[in-house]
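Since the structure comes first, as structure tokens, the remarks are kept for the end.
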Amino acid sequence: MCGIIGLLVKRRELRESLGQLVTTMIECMGTRGPDSAGLAVFHEPVEATHRRFALHAQVSQFDWQNFHESCRRETSKDASIHFVANHAVVISSTATGQFKSWLKEKQPSVHLISVGRAIEMFKDEGLPCDIARKYAFTELEGTHAVAHTRMATESAVSPAHAHPYTAGEDFCLVHNGSLSNPHSIRRKLESKGIEFETDNDTEAGCRFLEWRMREGDTLEEAIETSFSELDGFFTFLMASADKMVLVRDAFACKPAVVAETDDYVAVSSEFRALAHLPDISTANVFEPEPEQIYSWTV
Amino acid sequence: MDRVKQLDLASLSVREVNQFLHGELPGSDIQRVEISNPNGMHSIAAGLDCEVAVEILGHAGYFIAGMNQLARVTVRGNVGWSVAENIMSGSVRVKGHASQCAASSGHGGLVVIEGDASSRCGVSMKGCDIVVGGSVGHFSAFMAQAGTLVVCGDAGPNLGDSLYEATIYVQGKIHSLGADARQEEMEGADVERVSRLLADAEIDCDAGQFKRVASARSLYHWNAEAHQEY
């Protein structure tokens, strides 16, 4: 099954409430995906010389202070850290490749889950409402967020297999559905040197779109190409630093509902996750058409 | 004066509401039930089996008024998947839009969607009547066996795919017909039938402007020489 959630706030004052609004939506969609959940929030971008590195520690009582000290000593002195439970985000001027190598060598129990100037991603297994509480999602602020509640139909249940999936920088995707040709997509991309982290079908879709964008496509053009390359059922909700994009496959048998007001655009698998949003009674509520690309810019 | 019962889903669960509708309501003198704060919840007023008017005041979720018998259910908002699925008799009216599979497998009664209905509207319908004030999505009336689908707006791709003996009437554009569906001449009886259903649905349209779609019946018998090409 799985539940997808997205919220892009148009009014600046609402950015402070982003986490609160999204958390209610995640809790509502918990029944569609009770085995794991994840969220990507997009903040104001850090300066061009820096990156946000979102991290997940495999152990629950991880010593982030000690991690931070090593990070500053061994990578870059300007690295700052913010952490909650076994999640942390490091903002640093260290190059991504260098940071990845350092993690692999010196901090093998810490997994890098997103990189970019704006994106911060959370992923974990368990009930979505527990995950939201554990990482204090209600306190998150930002321009937009996408989230996912997972009921696994293929591949394992683990934090790494939870959505969103990310590839490259400041890009992520959540998926309700299943792809039937992820292995051929994967073989095609691996032959181009693209590395995969899991055996999940959604990762193939995510890396395919990111590869197309690196080849020069806009996200919308990449999605158009995917209609003929990706086989299967999907409602994809994607986000980049300044956009939220929604698309359903030609058969559109995986649900999606959009609610739009002057203040926000909200997307969910079911209306009940939107029912508690402000001014929902006057919102333009509609079901997205198959193979039509809906794109909203911050 | 109608005796009205008000039920609030902000304080009651869907199960409690439905238990009232199935248990206490039949045989009582209540003629109207109003259900507030549906907030997209599923299965509200499913399985009704008595003559009563039920109003759902807001947007509702999946399987609303499923398996309905005798009752007249109105939703003052949009509904999710499979509204009035397997309806047997009575009526279900949606004042807003309906998501996929509206009135799927419906055996009897009338389903009115005043707005648009999404894909697979009337899939496998078995005798109910459906009137859609707006347009319908792809694969509507897929494998529809009996009954009538009236669409005042446009019809999406593959209308009436693998159609049996149900009849479809469309006022607007038909994007494409599905396998074995064909457009046929409108006759006097068709205009009369559409006119009666529009009147029942309280939708104002000119019955003479509709096109008739029915089964070409070429899939009724297996053709070994068709090589799976239909």
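Letters A, B, ... are given to chains in the order of the sequence lines, protein chains preceding strands, and every chain is numbered from 1. Being a predicted model, the structure only gives us computed values, none of them experimental.
Taking the six-membered ring for Trp and thresholds of 30 and 60 degrees, A/Phe251 and B/Phe139 have nearly parallel ring planes, at less than 30 degrees apart.
In this structure, B/Glu24 does not pair ionically with B/Lys5, as no charged nitrogen and carboxylate oxygen lie closer than 4.0 Å. The pair A/Arg11-A/Asp263 counts as a salt bridge, with a side-chain nitrogen and a carboxylate oxygen less than 4.0 angstrom apart.
Within the 4.5 angstrom heavy-atom criterion, only side-chain atoms of B/Asn78, from C-beta onward, approach chain A. Both the backbone and the side chain of A/Val285 come within contact range of chain B, judged by heavy atoms closer than 4.5 Å. Only the side chain of A/Pro290 comes within less than 4.5 Å of a heavy atom in chain B; its backbone stays farther off. With a threshold of 4.5 angstrom between heavy atoms, A/Phe286 does not approach chain B through any atom at all. In this structure, no portion of A/Ser268 lies under 4.5 Å from any heavy atom of chain B.
Going from atom NE2 of A/His163 over to atom CD of A/Glu203 covers 10.0 Å, rounded to the nearest 0.5 Å.
For the side chain to side chain contact (heavy atoms under 4.5 Å, CB included) criterion with A/Thr202, the lone passing option out of A/Leu173, A/Val174, A/Asn176, A/Leu179 is A/Leu173.
Top candidate by heavy-atom pairs under 4.5 Å with chain A, chosen from B/Ser99, B/Pro38, B/Gly80, is B/Ser99. Listed options B/Asn158, B/Asn37, B/Asn39 were ranked by heavy-atom pairs under 4.5 angstrom with chain A; first place goes to B/Asn39. Between chain A and the residues B/Ala60, B/Gly77, B/Gly115, B/Ser118, the largest count of heavy-atom pairs under 4.5 Å involves B/Ser118. Counting heavy-atom pairs under 4.5 Å between each of A/Ala273, A/Ser281, A/Ala250, A/Cys253 and chain B puts A/Cys253 at the top.
Counting all heavy atoms, side chain and backbone alike, A/Pro128 lies closest to A/Gly33 at CG-O, 3.1 Å.
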Item to check | side-chain hydrogen bond (donor to acceptor under 3.5 Å, both in side chains) between B/Asp129 and B/Thr148, worked out | outcome: CA-CA 5 Å; B/Asp129 293 318; B/Thr148 314; 3.2 Å; yes
